[in-house]
**Q** 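Let me give you the structure first, and then I'll get to my questions.
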Amino acid sequence: MPVADHDHDHDHEPDPFEERFAGALRDTGTAFGADGTDRQDLAARGEAHGRRMRSRRRVAVAGTAAAVALVGLGGALLLPGGQGDGGRQQTAAADPSSRSASTTARSASTAPQAPMSADDIVRTLEELLPEGGISSEGGHVTDNGSYAGAVYDDGRGKAAITVSLDRVQPGSREARQITQCPDKLFVAYDACTTTKLSDGSVLMLFKGYEYPNSRSGTKRWTAELVTPAGGHVGVQEWNAAAEKDSPVTRKQPPLDLGQLTALVTAHEWRTAADAMPLDKRSPAGPDTTPATPRGSISTTLTALVPDGLKIVSKSPPDDDQFGYLVLDDGRGRSLVQVNVQPGMQDVEDQLFGSDAKVLPDGTKVALRKQSGDKGISGIVWWSVDTIRPDGLRVVISAFNSGAQNTPATREEPVLTMEQMEAIATDRTWLTLG
Amino acid sequence: MRKTRDNGFPEFAAARAGHLYRSACLLTGGDTHLAEDLVQETLGRVYVHWKKVSRADNPAGYAQTVLTCAFLAHRRRHSSRRERATGVLPEVPEPQTGGDAPLRLTLLEALGQLPAKDRAVVVLRYWEDRSIEETAAVLNASSAAVRTRCVRALARLRVLLGDSLGEYARS
């Protein structure tokens, strides 16, 4: 079976866990078709569903045509009023001047414009970049965005550059996340800043690496701009002629942060991105709902760790059922992660063997000490896995480093196995639901 | 007239339904009923646009994108509670490549715990073999965001699955 034969985002040696996971995922997915169930019924149901949808669309289109015809005859067009005003209807006079004014306004604000093609992007890139050679590497255009790649040579080594344009809901969580510096715990990088510009746009500048597990190899610098209208411009540059499988051609990517800023904020991109249709998939309006309604995992974990430990950083509250703290007792940083999974009784036997400890209340506890990621010097990974009789699983992992992907900073994790067990079996987790 | 418009759709649907269903099962963390609904919705939407889709370079890829969108839209509508897989993995014969059904159920449980977009990233990257850029295009996200999601999701799955995937070595 071809396992994980796609491009790897890790340093030159593939990550063994990633490979095993890809294999297991393929096996799991394939198993869903292995029961011999005839999926032709699903194909037929899909087609029938499509026919119904098409019929509904025909009716809707016919209705629209009737309304337009009425306006064309110089009559009064009845528009349904707001939902909350008792079904009041407004009457709009259909005189030619107001009609033409409203048509113009509509076409200026919402009429879809043809998105920039990959060729358009590369041509614009050529105009905006400092003197040098440029060749297109192609791209694609979808309903919601455009993307193109190019190889740029300023005479000091070929470098890949990509530009992507799309649009997100202004104020949405997605809009915020684009310009949020990534968590250093998961992505290794040298520098990252987020700035609000005078026009209200937010700009993130990021100096990182192609392979996020280590600060070595091909460098990848990016600029992400989100305008107040939700226009999103992303520029990436490498110090190699291609993202992957291509030798480093120069010490740094060609554009410094000033040039990168000038490029990403160029009005050509912003105009194109702001004119793109808003993705119908994005929820409308600002999204301020917390992902974990009853308090975050990291807050709960903070309350449970022993006194006297300095909290260096903690996970944002956005994550559902997952959280971490980076702790320091004065002898080096240590990452502690928690996962909380309700309703796991169906796989209890799989996770807890006969050697698992059983507490008086029926909670099962399995302890593990193992080496951490391959290639990370001296790292160890301790974990305490617990499951309550009602199936609530709480797993705590601790590392002797401030992250999973950085070398050991101390001999052992900051918490003992006994302390981790006490935290995992604390009753507070039961109240998070 | 209708015959012309539908030209090739039944064959396309018959050929792709199985794969779409398996993808949907992974996206839903093993909820086979929801997976069927999502595939039906997906094929319905593809049917409506079939004239255009059939002329596109990659109708199968388009259908996969529609499925991912349908899944994310469903999750947004039902975001208060996550669906859970509870013994929904069908009875399967012993696989030829090692592993067993309980392990797969553990994997589905772990997948089911990821935020919907992280799960979509993982399925597109490791089940559909899409590149970072292709995944970003499907999700209408920046490639930087997809990279971050992917690394974070793997870190989380690593903790949840521990060494239980030991036997899924490259073969």
Side-chain angles (χ1 to χ4, degrees), chain A residues 1 3 6-7 9 17-35 39-40 42-43 45-47 49-50 53-54 140 142 144-145 147 164 166 177-178 182 186-187 212 222 224 234 279 281 283 320-322 337 339 341 343-344 346-347 350 368 370 395 397 404, chain B residues 9-10 13-14 17-18 21-22 25-26 36 39-41 43-44 47-48 69 72-73 76 84 86-87 90-93 95 97 99 102-109 113 115 126-127 129 131 133 137 140 142 144-145 147-148 151-152 154-160 162-163 165 168-171:
Chain A
M1 176 171 22
V3 173
H6 51 78
D7 50 339
D9 285 356
F17 174 79
E18 189 180 12
E19 288 201 2
R20 286 199 301 274
F21 172 72
L25 188 71
R26 284 169 193 281
D27 206 5
T28 304
T30 308
F32 281 103
D35 58 348
R39 291 288 148 215
Q40 297 314 306
L42 205 47
R45 274 160 49 198
E47 183 169 340
H49 183 63
M53 285 166 76
R54 200 162 67 190
H140 53 77
T142 66
N144 301 105
Y147 157 84
S164 61
D166 56 50
Q177 284 179 343
I178 287 171
F186 303 115
V187 179
T222 69
E224 305 279 350
D279 186 355
R281 292 172 271 159
D320 192 19
Q321 299 170 342
F322 170 74
Q337 290 184 60
N339 278 272
Q341 284 179 296
M344 290 293 285
D346 42 356
V347 288
Q350 178 65 29
R368 273 197 298 271
Q370 53 201 314
V395 198
S397 292
Q404 271 174 255
Chain B
F9 180 83
Y21 171 70
R22 289 188 283 278
C25 287
L26 293 176
E36 286 191 2
V39 173
Q40 182 178 316
E41 173 75 21
L43 288 174
Y47 177 84
V48 169
C69 298
L72 291 173
R76 274 198 301 277
R84 277 208 55 261
T86 43
E91 288 298 317
V92 291
T97 51
L103 255 182
R104 291 190 214 112
L105 201 50
T106 311
L107 185 138
L108 287 169
E109 291 279 3
Q113 202 189 349
Y126 299 107
W127 167 254
D129 271 343
S131 70
E133 280 303 340
N140 194 27
S142 71
R147 282 169 200 274
T148 306
V151 173
R152 192 181 65 164
L154 280 180
R156 194 163 165 181
L157 288 166
R158 189 190 305 262
V159 170
L160 288 173
D163 51 6
L165 300 182
Y168 282 88
R170 180 187 278 270
S171 55

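By convention in this document, chain letters (A, B, ...) are assigned in the order of the sequence lines, proteins followed by strands, and residues within each chain are numbered from 1.
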**Q** Among A/Ile178, A/Asp166, A/Val395, A/Asn339, which residue forms the greatest number of heavy-atom pairs with chain B at distances under 4.5 Å?
**A**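 Result: the option with the highest number of such pairs is A/Asn339.
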
**Q** Using non-hydrogen atoms and a 4.5 Å limit, figure out which bit of B/Ala145 sits close to chain A: side chain, backbone, both or neither.
**A**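 Neither the backbone nor the side chain of B/Ala145 comes within 4.5 Å of chain A.
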
**Q** Go through B/Leu107, B/Thr148, B/Thr106 and name the one with the most non-hydrogen pairs under 4.5 angstrom from chain A.
**A** B/Leu107

**Q** If I take atom CD from residue A/Glu224 and atom CD from residue A/Gln177, how far apart are they, to the nearest 0.5 angstrom?
**A**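 If I round to the nearest 0.5 Å, the distance is 12.5 Å.
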
**Q** For residues B/Phe9 and A/Glu47, determine if any side-chain heavy atom of one lies less than 4.5 Å from a side-chain heavy atom of the other.
**A** yes

**Q** First locate atom CG of B/Leu43, then atom NE2 of A/His49, and finally report the distance between them rounded to the nearest 0.5 Å.
**A** 9.5 Å

**Q** With a 4.5 angstrom heavy-atom cut-off, which part of A/Ser397 approaches chain B: side chain, backbone, both or neither?
**A** side chain

**Q** Pick one of side chain, backbone, both or neither for B/Leu160, based on which atoms fall under 4.5 Å of a heavy atom in chain A.
**A** both

**Q** Quick check for you: among B/Ala144, B/Ala13, B/Cys25, which has the greatest number of heavy-atom pairs under 4.5 Å with chain A?
**A**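 The answer is B/Cys25.
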
**Q** For a quick test of reading the model, state the closest non-hydrogen atom pair linking A/Gln341 to B/Gln113 and the distance between them.
**A**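 Smallest interatomic distance, heavy atoms only, reads CG-OE1, 2.7 Å.
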
**Q** Going by heavy atoms in the side chains, are B/Tyr126 and B/Leu154 under 4.5 Å from each other?
**A**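 Heavy-atom side-chain distance check passes, below 4.5 Å.
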
